[in-house]
Amino acid sequence: METTVGELLAEAELYREGLQSSMLLVSDREARLVTLLTMWDAGQFDRSRERLTAWTQKLIAGITDGPIRTYTSKAHFLSPRATSKLTLADLRPEEIAELVDMASGD
């Protein structure tokens, strides 16, 4: 699925219209439930929101077997504040073991 959608977006050259990135989310509970997140250059997208949304829907309509719903939003990425208050004493033994496994490459 991800290859097909990626190819559709690439062939349509949506990057020329401001497509910055996209992400395909497939439900772990129902494989037929798929979400396509597209991230656009806000300046270009705001001017052509309806056209770009309709265009993207038409691109993926051929590979769907059900209704397509679209929503548009403005994303705000939040960075959590760094903290150095967590110590090994705060971790459970199985969490420490997991960290050791990750560090050793297992």
Side-chain angles (χ1 to χ4, degrees):
M1 173 70 83
E2 67 273 5
T3 302
T4 302
V5 172
E7 288 171 355
L8 286 173
L9 295 176
E11 289 172 13
E13 297 184 346
L14 290 178
Y15 65 90
R16 293 177 185 259
E17 300 292 327
L19 181 66
Q20 299 291 307
S21 185
S22 59
M23 185 182 325
L24 192 71
L25 305 172
V26 180
S27 171
D28 62 345
R29 296 182 189 262
E30 185 179 341
R32 292 180 59 209
L33 179 58
V34 176
T35 301
L36 174 63
L37 296 175
T38 54
M39 275 117 339
W40 300 82
D41 174 87
Q44 287 180 275
F45 187 75
D46 284 344
R47 289 191 306 267
S48 305
R49 178 183 307 267
E50 297 302 320
R51 181 177 61 82
L52 292 172
T53 301
W55 189 3
T56 304
Q57 280 184 293
K58 286 178 186 176
L59 282 174
I60 61 172
I63 61 170
T64 63
D65 65 352
I68 301 172
R69 293 179 289 221
T70 60
Y71 305 96
T72 59
S73 302
K74 291 190 177 186
H76 301 276
F77 294 94
L78 307 175
S79 298
R81 278 189 265 157
T83 179
S84 60
K85 295 181 181 179
L86 183 67
T87 66
L88 286 177
D90 297 320
L91 300 175
R92 296 185 311 256
E94 60 270 12
E95 292 171 325
I96 294 172
E98 186 178 349
L99 287 173
V100 169
D101 285 344
M102 286 190 296
S104 66
D106 291 341

(request) Using salt bridge (charged side-chain N to carboxylate O under 4.0 Å, His left out) as the criterion, list what pairs up with Asp46, not counting sequence neighbours. (result) Arg49, Lys74
(message) With rounding to the nearest 0.5 angstrom, report the CG to CD1 distance, Leu24 to Ile60.
(response) 9.0 Å
(request) Could you check if a side-chain atom of Trp40 sits within less than 4.5 angstrom of a side-chain atom of Thr72, using non-hydrogen atoms only? (result) no
(message) For Thr64 and Val34: C-alpha separation, side-chain torsions, deciding distance, then whether side chain to side chain contact (heavy atoms under 4.5 Å, CB included) applies.
(response) CA-CA 10 Å; Thr64 63; Val34 176; over 6 Å; no
(message) Using modelled atom types and a 3.5 Å cut-off, is there a donor and acceptor pairing between side-chain atoms of Thr53 and backbone atoms of Glu50?
(response) no
(request) Check salt bridge (charged side-chain N to carboxylate O under 4.0 Å, His left out) between Asp65 and all other residues, then give those that pass, not counting sequence neighbours. (result) Arg32
(request) Side-chain contact test, heavy atoms from C-beta onward, threshold under 4.5 Å: evaluate it for Leu52 versus Thr38 and give yes or no. (result) no
(request) Name all residues meeting the side-chain contact (heavy atoms from CB on, under 4.5 Å) criterion together with Gln20; count only those two or more places apart in sequence or in a different chain, and write none if there are none. (result) Asp41
(request) List for me each residue that meets side-chain contact (heavy atoms from CB on, under 4.5 Å) alongside Ser27, sequence neighbours excluded, and say none if there are none. (result) Arg29, Glu30, Leu33
(message) Same cluster or not: Leu37 versus Ile68, using hydrophobic residues (I, L, V, M, F, W, Y) connected whenever any side-chain heavy atoms lie under 4.5 Å apart?
(response) no
(message) Restricting to salt bridge (charged side-chain N to carboxylate O under 4.0 Å, His left out), what partner residues turn up for Glu95, sequence neighbours left out?
(response) Arg92
(request) Please check if Val5 and Met39 belong to a single hydrophobic cluster, counting links between Ile, Leu, Val, Met, Phe, Trp and Tyr side chain heavy atoms closer than 4.5 Å. (result) no
Please list, one pair per line, the donor and acceptor atoms closer than 3.5 Å that link side chains of residues 10-18 to other protein atoms, with sequence neighbours excluded.
unit_1, atom_1, unit_2, atom_2, d
Glu13, OE1, Arg16, NE, 2.8
Glu17, OE1, Arg51, NH2, 2.8

(request) Would you mind reporting whether Phe45 and Leu19 have side-chain heavy atoms less than 4.5 Å apart? (result) no
